[in-house]
Novice: 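Quick one: structure below, then a few questions.
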Amino acid sequence: MLSINNLAKRHGAQTLFADASISLAAGSRYGVVGANGSGKSTILRIISGEEEASEGEVNIAGRHQIGWLRQDHFAYEEIPIIDVVLMGNKELYDAMKEKEVLLANAEEHFDGDRYAELEDIVMRHDGYSQEAKAGELLEGLNIPTAVHDDPMSVLSGGYKLRVLLAQTLSSTPDILLLDEPTNHLDILSIRWLEKFLLQYRGCVLVVSHDRRFLNAICTHILDVDYELVSQYKGNYDQFEKAKVEHRNRQEAEIKKRKDEIADHRAFIDRFKAKATKARQANSRVKKIQKIVIEELPRSSRRHPNFNFKTTRPSGKKVVELDGIGKSYDDNTVLDKVSLTVERGDRLALIGPNGIGKSTLLKVMMGLCDPDEGSVEWGHETHRGYFDQDHSDVDRGSEETVMSWLWKHVPDQSNGFVRGRLAAVLFGRDDVDKKLRALSGGECARLVFARIGVALPNVLILDEPTNHLDFEGIEALAKGLENYDGTIVFVSHNRWFVEKLATRIVELKPDGMDDYRGNYREYLDHCGDDHLDVATVVEKARGKKHR
């Protein structure tokens, strides 16, 4: 269906990848993985035609159509949601709109020949059923029928992304390109997307840092590393194991050759002066010359070290929320929420988008005033807050990474600040980078460095994994596992929730579940696997349609 031949991409002296040759088949789903900045999204842009390769070519068999998930959330603000979806098939959408104009002006002038041409386009694309299909796509992504005719501006950023996903799917592409499609999706929508992709008959390429998502859908992994694009069969866990085994075999072969050279040299050094052994020594010199050892390239993957420590323990009661209510105009997002967080809790706050999780964290931190209720913090609580929008980093600032972190610890030395930045992968040349030039992942790592130097005994984290790559997510989970304070966090990364949480609070439209145990135990307790079983989707839809 799609072949990549000798593909390369370079930015100046930097090579992202080279000599990439891969054939991609219909019915297969390829997870594209690699470190941030390694070239994952670049591969998708080259395939879609939005970016040119430095070398090589992309060949698409026959007349196969490409669907590309665009993440321009604000491109359609005044356009009805249903129309945004229908625009996924541009030829059909343009024909239907032109038909409407012809009919509206029919009393003054009616071009029958043009109308017939447009009608032919509509029939060829099965146009009269497309609005119903678009509605089903939106319903599947948990966008109710009642808002389908509203403009896009009524939706939050996460829901706008869902509409763009529906737009991509509505064109019924043969080849589907998805760049971080689970970002901003809640667990029900992620499960719906998994189910859709498992039934999709075309070819899928997806960039994602959601391990559970890749494990659920992938038949193959394309690993962008060592300036190469390597293909592995299986899901992410299978790839990870296979890659380690392959690297170990390569390293073992290199060691074997080095040992062989060392053995030859030892023989030469021992016997080169003996006339009776001279021929054998010369023979060994020739053998050494024939042994070629190619040093393995360094991986582009880098592992940060997130280090969180406390100055002193907090009191037993960390924070108490009593009857918290919050509305935005006519939309009530929190209704009399009461919750007590205790020292040592690792509390995951879960629930569908729009239910008020981030708002509750902001109320807890005093960044948002509740309409009713109260927040009372306990004795000796020192808070560290991670905002998913990185609002404390001024992305328009000329301030540098170094100066920004240093102002949070002005009594510390230059070496201390550089050391903490190096731990989160800001090297010698990176510390002078302007804040305005930082990527989302770099911002996240910088914020975690700031939290680390503050030594809080309570961490409030809102979607902390959103901009991190696999290595960053794993390092963050490790750092938080070693942290001896209290954690309250919101995350839709299922692996992260399962790895970290010891208490689950699920916000629901009709109340709240508070379960003291890990995520797997909570799923067993409530009888639904909110992350892995399709029944929860059907159950949610059943409630909605009653």
Side-chain angles (χ1 to χ4, degrees), residues 1-10 15-35 38-71 88-89 164-165 167-182 193-243 246 300 469-470:
M1 181 170 280
L2 171 68
S3 63
I4 296 171
N5 300 312
N6 300 316
L7 202 67
K9 184 64 180 181
R10 299 181 181 89
T15 297
L16 295 181
F17 51 83
D19 300 322
S21 295
I22 296 170
S23 294
L24 307 177
S28 296
R29 297 172 297 277
Y30 300 84
V32 186
V33 303
S38 62
K40 304 183 298 296
S41 297
T42 300
I43 291 174
L44 267 59
R45 287 195 294 271
I46 291 172
I47 291 172
S48 71
E50 291 198 352
E51 188 169 332
E52 290 188 2
S54 301
E55 295 173 12
E57 59 184 6
V58 174
N59 295 314
I60 300 171
R63 300 180 63 184
H64 294 309
Q65 297 294 314
I66 290 179
W68 168 240
L69 175 61
R70 304 174 190 275
Q71 300 199 34
N89 187 332
L164 297 180
L165 177 59
Q167 182 191 74
T168 304
L169 299 179
S170 72
S171 64
T172 59
D174 305 293
I175 301 165
L176 190 56
L177 308 179
L178 305 175
D179 193 356
E180 295 289 1
T182 63
L193 180 59
E194 288 176 353
K195 187 177 179 182
F196 175 89
L197 293 176
L198 289 172
Q199 296 171 344
Y200 180 72
R201 295 184 179 182
C203 175
V204 180
L205 280 88
V206 56
V207 173
S208 177
H209 293 132
D210 187 330
R211 178 189 293 262
R212 292 283 294 274
F213 179 69
L214 294 178
N215 278 336
I217 68 160
C218 285
T219 60
H220 300 78
I221 296 293
L222 302 182
D223 178 41
V224 188
D225 198 6
Y226 308 115
E227 299 182 359
L228 300 170
V229 181
S230 306
Q231 179 173 280
Y232 293 82
K233 190 172 183 179
N235 63 21
Y236 186 83
D237 284 349
Q238 292 166 330
F239 144 73
E240 199 171 40
K241 181 181 178 182
K243 183 177 181 178
H246 179 64
S300 61
D469 56 20
F470 278 109

Novice: Might you point out which heavy atoms bring Cys203 and Met1 nearest each other, and give the distance in Å?
Specialist: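 Taking Cys203 first and Met1 second, the nearest heavy atoms are CB-SD, 3.5 Å.
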Novice: Does the pair Phe239 and His220 meet the rule for a side chain to side chain contact (heavy atoms under 4.5 Å, CB included), with working shown?
Specialist: CA-CA 8 Å; Phe239 144 73; His220 300 78; over 6 Å; no
Novice: Any donor and acceptor pair, going by atom type alone, linking the side chain of Tyr30 with main-chain N or O of Ala25 inside 3.5 Å?
Specialist: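 Pair found, side chain donor or acceptor close to backbone of Ala25.
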Novice: Side-chain contact test, heavy atoms from C-beta onward, threshold under 4.5 Å: evaluate it for Val206 versus Ile217 and give yes or no.
Specialist: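 Contact flag for Val206/Ile217 side chains = yes.
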Novice: To check you understand the geometry: which heavy-atom pair defines the closest contact between Leu178 and Pro181, and what is its length?
Specialist: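 Reported closest heavy-atom pair: CB-CG, 3.8 Å.
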Novice: Is there a donor-acceptor contact under 3.5 Å from the side chain of Ser23 to the main chain of Ser3?
Specialist: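 Checked: no pair found.
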Novice: Do Asp225 and Lys243 sit within salt-bridge range, that is, some charged N less than 4.0 Å from a carboxylate O?
Specialist: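 Yes, Asp225 and Lys243 are salt-bridged.
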Novice: Is it true that a side-chain atom of Asn235 and a backbone atom of Cys218 form a donor plus acceptor pair closer than 3.5 Å?
Specialist: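 Side chain of Asn235 to backbone of Cys218: no pair is present.
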Novice: Mind running side chain to side chain contact (heavy atoms under 4.5 Å, CB included) on Val33 and Leu222 for me, showing each step along the way?
Specialist: CA-CA 6 Å; Val33 303; Leu222 302 182; over 6 Å; no
Novice: Between atom CG of Leu197 and atom CG of Leu169, what is the distance when rounded to the nearest 0.5 Å?
Specialist: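 Interatomic distance, Leu197 CG to Leu169 CG, rounded to 0.5 Å: 7.5 Å.
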Novice: I'd like to know if the side chain of Asn215 and the backbone of Tyr236 have a donor-acceptor N/O pair within less than 3.5 Å.
Specialist: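 Present.
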Novice: Determine, stepwise, if the pair Leu2 / Ile47 fulfils side chain to side chain contact (heavy atoms under 4.5 Å, CB included).
Specialist: CA-CA 9 Å; Leu2 171 68; Ile47 291 172; 4.0 Å; yes
Novice: Do Ser28 side-chain atoms and Leu24 backbone N/O form a donor-acceptor pair below 3.5 Å?
Specialist: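 Between the backbone of Leu24 and the side chain of Ser28 there is no qualifying donor-acceptor contact (under 3.5 Å).
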Novice: Between Lys9 and Glu55, is there a side-chain N and carboxylate O pair less than 4.0 Å apart?
Specialist: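 Here Lys9 does not pair with Glu55 in a salt bridge, since their nearest N and O are not under 4.0 Å apart.
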Novice: Take atom CD of Glu50 as the centre, draw a 6.0 Å sphere, and report whether it contains more than 12 heavy atoms from other residues, nucleotides or ligands.
Specialist: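 Above 12, so yes.
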Novice: For the CG atom of Asp19 and the CG atom of Asn6, what is their distance to the nearest 0.5 Å?
Specialist: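 So the gap between those two atoms works out to 6.0 Å.
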Novice: Is it true that Arg211 and Asp237 have a side-chain N and a carboxylate O under 4.0 angstrom from each other?
Specialist: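 A salt bridge links Arg211 with Asp237.
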Novice: Does Glu51 pair with Arg45 as a salt bridge, N-O distance under 4.0 Å?
Specialist: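 The answer is yes: the pair qualifies as a salt bridge.
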Novice: Taking all non-hydrogen atoms of both residues into account, name the closest pair between Lys40 and Ala35 and its distance.
Specialist: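 Taking every non-hydrogen atom into account, NZ-O, 3.0 Å.
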Novice: Rounded at 0.5 Å granularity, tell me how far OG1 in Thr168 sits from CD1 in Ile66.
Specialist: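 So the gap between those two atoms works out to 12.5 Å.
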Novice: Please find the pair of heavy atoms, one from Gly27 and one from Arg29, that lie closest to each other, and give the distance.
Specialist: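 The pair with the smallest heavy-atom distance is O-NH1, 3.8 Å.
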Novice: One pair to check against side chain to side chain contact (heavy atoms under 4.5 Å, CB included): Leu69 and Asp179. What are the steps and the verdict?
Specialist: CA-CA 7 Å; Leu69 175 61; Asp179 193 356; 5.9 Å; no
Novice: Could you tell me which non-hydrogen atom of Asp469 sits nearest to which non-hydrogen atom of Gly34, and how far apart they are?
Specialist: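 That closest heavy-atom pairing would be CB-O, 4.3 Å.
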Novice: When rounded to the nearest 0.5 angstrom, what is the spacing between CD1 in Ile46 and OG in Ser54?
Specialist: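 So the gap between those two atoms works out to 7.0 Å.
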Novice: About how many Å separate CD of Glu52 and OG1 of Thr42, when rounded to the nearest 0.5 Å?
Specialist: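 Separation between the atoms: 13.5 Å.
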Novice: Just by distance, with hydrogens left out, do Asn5 and Ser21 show a side-chain donor and acceptor under 3.5 Å apart?
Specialist: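 Absent: no donor and acceptor within the cut-off.
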Novice: Tell me, do Tyr232 and Glu240 make a side-chain contact under 4.5 Å, heavy atoms counted?
Specialist: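 Answer no - side chains too far apart.
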Novice: Once rounded to the nearest 0.5 Å, what's the spacing between atom CD of Gln231 and atom CD1 of Ile4?
Specialist: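 Separation between the atoms: 9.5 Å.
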Novice: Please report the closest heavy-atom contact between Val224 and Ser300, naming both atoms and the distance.
Specialist: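 Heavy-atom minimum between the residues: O-OG, 4.0 Å.
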Novice: Assess the pair Phe17 and Tyr226: is the distance between their ring centroids shorter than 6.0 Å?
Specialist: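 That pair fails the under 6.0 Å test.
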